[in-house]
Structure formats: structure tokens, C-alpha cells
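Each remark here refers to the structure printed beneath this line.
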Amino acid sequence: MPMQATAAELPYTPEIAAATAPLFDRVKDVVSQLEWPGYAPIIHEINRLKKEKNAVILAHNYQSAQIFHTVADVVGDSLALARDAAKTDADIIVMCGVHFMAETAKLLNPHKKVLIPDVKAGCSLAESITAADVRLLRERYPGVPVVTYVNTSAAVKAETDICCTSGNAVKVVESLGVPEVLFLPDEYLANYVATQTKVKIIAWHGHCEVHERFTAKDIRFFKKNNPGAVVLAHPECPPSVLAEADYVGSTAKMQDYVETNKPPRVILITECAMSDNLRAANPGTQFTQPCNLCPHMQRITLPKILAALQTEQPEVTIDPAVAERARASVERMLAVK
Ligand code: 13P
Ligand code: SF4
């Protein structure tokens, strides 16, 4: 086998079939036997290269099951990925997620090589606001602290007082001990936080292109067709959708809900790949998964992860003029207990 075989050149041999059998076992409920020979040699080579290069793969909960359950070393929501990125002693971090997540990992590991298998893996929330917008908001609301969702560029993080994720937004807002905050850029997450705190929330108008597509009518339809199912929803959904949910939380909190309560049926109102990941690990729960995929998350594929490890590209870099201030806003978030 050539040293730098491309994904398409890697053969599916009996040795690889045997070596990857335990990994197939993890995904057999969501990846078919027909697909596996296409994935297995790439997975095997990625896992070999990770050891050779002392690399770690961080994967967000929205990554496809054949990535999430077979090559990832750390999986989780944006908060867990940021926390784990801060702790790793690997030389190379491969972020299987979107660009802002890779930037956060780089901010916390300025001297490490951080790779993202596809630099075009963006986010509609990160696109919805610029650093200049934040500066204008500060002029308009002098003295009001700026809390920024991590789904933003490093340049925006550099203009903010503290970051948050959907998992810790309420805690972060309340940690400031002020009567009002600017909460940027997700309008729906801001609305949700406002329902959970007495702090006045001033919102921006960014939306997640995946979660904004859900409607209350859809949810009522799913509920009617799945009597007794529990509805779990991500706080990036519109308020009318959250009003139909039994539980609202970050991707990690929804996962915890399933693992702790073991409900027989769940309607999962978030990015669709997450249902596959939960289904693979929780065979006792049936999932109804309205299939809204995040086009950015799904840009990350096994062949691109392999190429990133082989070439150590594309590497994430951050303008030093913004990195220090952006890092401070992420570190302030991580310090909130
Ligand atoms: P979580 O922090 O809940 O994982 O959400 C990240 C995200 O991009 C949701 O769309
Ligand atoms: Fe951004 Fe929405 Fe995709 Fe999450 S699901 S990365 S918020 S576009």
C-alpha cells in the first residue's frame, strides 16, 4: 500500500474487516453492511495516522455516525469540545465540526496545529454578525456587557466580554451580576435565555438555518403520530417550537436526558445526524428525527479527515491582533462554574 494512499485507493482486506469489526458493531444500527467496506479502510487508516502523529479528533454531536462512533477521541456539544480542547496534550487537533469550533480550539491551543477537514464548514449564526456590528452595538448600549454565543468568528469574540454556549448561557448571563446584557447573535437562544432569567436580554437577529426551519405545526404533527413520545428541542429553535417541547437543552443536555430517563420514544428537534448517534448508543429508544441536516457539519467526511491528517492541512490560523482578546472571552466562559 502506498504511504499516502487516497481514501479511494485503500483496499478492504480481510485483516481490515477483522480489525474494524468492533467499530462496525458500534454503528451497525445506523450504517449498513453494504456501506461498511467503503468506510472501514479509511477509518482504519485514520486511526493508525492519529497514533503515528499524536493527533486527537474532536467531533461534535452533529457529525455523522461513521465519524462520531469510529474515529473520534472526544465527542460532545460545543462546551465539552472547548473544555476538552483546552486539556489535550496531543500535537495535532482535528476538529470534526464547523469553523468556529476549530477557531475556539486554536484560541485555547495557540501553539498546537489545529486542522479542520473542510474550511468551508461555516455556520449561519457566525455569518450573521461582524466585529463592526458589535462595536456599533456597544456605542448604542454604552456600559452594557456583551455575551456572545461561541457560534461566532474569533474577530467577534475579540469584541465581547464573555462567550457562552447553549449549555451554559443562563449561567454565564447570571454570572455577570448585571441587570441587562447584549446577547449575540442568536435571537432564538436569546429569547429562550430570557425565559430562564430575570436579567434583561437585548438580542440580535441571527438565526441557525437548520433550527429556524422547524415549525410548531411540524411538531404537533409528529406528536399526533407518535403518542407518548417525549419532544426534546434545541434552544436555537423558534419560541413557538420550544413551546411544544417537553425538554429544551443543548445537544449534550438532550443526550443526557435520553441516557438518564431512557424514554421509549423521542422526537428529536435538532440536526438530524444526532438522532443516528443517539440511536446507535441507545438501542432501547426509538427516535423520530425530522431530517434537517446542517450542510456545514455534513461537509466533514471520512476521506477529508484522512486527507487532513496526511497533509496536515487545512490548518486554522487566527490573526494575532484578535487572538488574545478572543481567547480572554472564551477563557472567562470556561471559568464560570
Ligand atoms: P451545542 O452547543 O448544543 O452542541 O450546539 C451547537 C450548534 O451548533 C447547534 O446548532
Ligand atoms: Fe451553525 Fe446551525 Fe449548523 Fe449549528 S446547526 S453549526 S448553529 S448552522
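Remember, it's a predicted structure, so these values are computed and weren't measured experimentally. Every heavy atom of this structure was used, including side-chain atoms; hydrogens, water molecules and symmetry mates were not. Read the numbers this way: they start at 1 and go in the same order the structure lists the ligands and their atoms.
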- Item | Thr20 side chain to Tyr39 side chain, donor-acceptor N/O pair below 3.5 angstrom | no
- Glu187 side chain to Tyr192 side chain, donor-acceptor N/O pair below 3.5 angstrom: no
- Task: Assert yes or no for the condition that the ring centre distance of His211 to Tyr188 is strictly below 6.0 Å.
- Result: no
- Taking the two cysteines Cys291 and Cys272, decide whether their SG atoms are closer than 2.5 angstrom. yes
- Query: Under a 4.0 Å N-O cut-off, is there an ion pair linking Asp73 with Lys50?
  - Reply: yes
- Message: Yes or no: does His211 have any heavy atom under 4.0 Å from an atom of ligand 1?
- Response: yes
- Which residue supplies the protein heavy atom nearest to atom 2 (O) of ligand 1, what is that atom called, and how far is it? Ser78 OG, 2.5 Å
- Query: Which atoms of ligand 1 have any heavy atom of Ser166 under 4.0 Å away?
  - Reply: 1 (P), 2 (O), 3 (O)
- Query: Taking NZ, NE, NH1 and NH2 as the nitrogens, is one of them in Glu312 or Lys53 under 4.0 Å from a carboxylate oxygen of the other?
  - Reply: yes
- Message: Heavy-atom contact check, 4.0 Å cutoff: does Gly167 meet ligand 1?
- Response: no
- N or O pair under 3.5 Å between Ser250 and ligand 1: no
- Query: Heavy-atom contacts under 4.0 Å between Val210 and ligand 1: side chain, backbone, both, or neither?
  - Reply: neither
- Query: What protein heavy atom is closest to atom 8 (O) of ligand 1, reported as residue, atom name and distance in Å?
  - Reply: Asn151 ND2, 3.4 Å
- Task: Measure the distances from the heavy atoms of Asn61 to every atom of ligand 1 and state whether one is below 4.0 angstrom.
- Result: no
- If you measure from the Lys or Arg side-chain nitrogens to the Asp or Glu carboxylate oxygens, is any gap between Arg325 and Asp161 under 4.0 Å? no
- Cut-off under 2.8 Å, centre atom 1 (Fe) of ligand 2, protein N/O/S atoms: Cys123 SG
- Item | Close-contact set for ligand 1 against Asp77 heavy atoms, below 4.0 Å | 1 (P), 2 (O), 4 (O)
- Checking Ile162, Thr160, Val199, Leu176 against Pro145 for side-chain contact (heavy atoms from CB on, under 4.5 Å), the one that qualifies is Leu176
- Task: Write down the atom of Ile300, the atom of Gly97, and the distance for their closest heavy-atom approach.
- Result: CG1-O, 3.5 Å
- Query: Going by distance alone, is a donor N or O of one side chain under 3.5 Å from an acceptor N or O of the other, for Asp218 and Thr215?
  - Reply: yes
- Query: If you measure from each heavy atom of His60 to ligand 1, is any distance below 4.0 Å?
  - Reply: yes
- Task: State whether Glu45 and Arg48 are salt-bridged, where the test is any N-O pair (Lys NZ or Arg NE/NH1/NH2 against Asp/Glu carboxylate O) under 4.0 Å.
- Result: yes
- Message: Please report whether ligand 1 has a polar contact with His234, defined as an N or O pair separated by less than 3.5 Å (distance criterion only).
- Response: yes
- Message: What I want to find out is whether Arg279 reaches Asp276 closely enough, with some N-O distance under 4.0 Å, to be called a salt bridge.
- Response: yes
- Task: Could you list the atoms of ligand 2 found under 4.0 angstrom from a heavy atom of Tyr62?
- Result: 5 (S)
- How far is atom 9 (C) of ligand 1 from its nearest protein heavy atom, and which residue and atom is that? Glu236 OE2, 3.2 Å
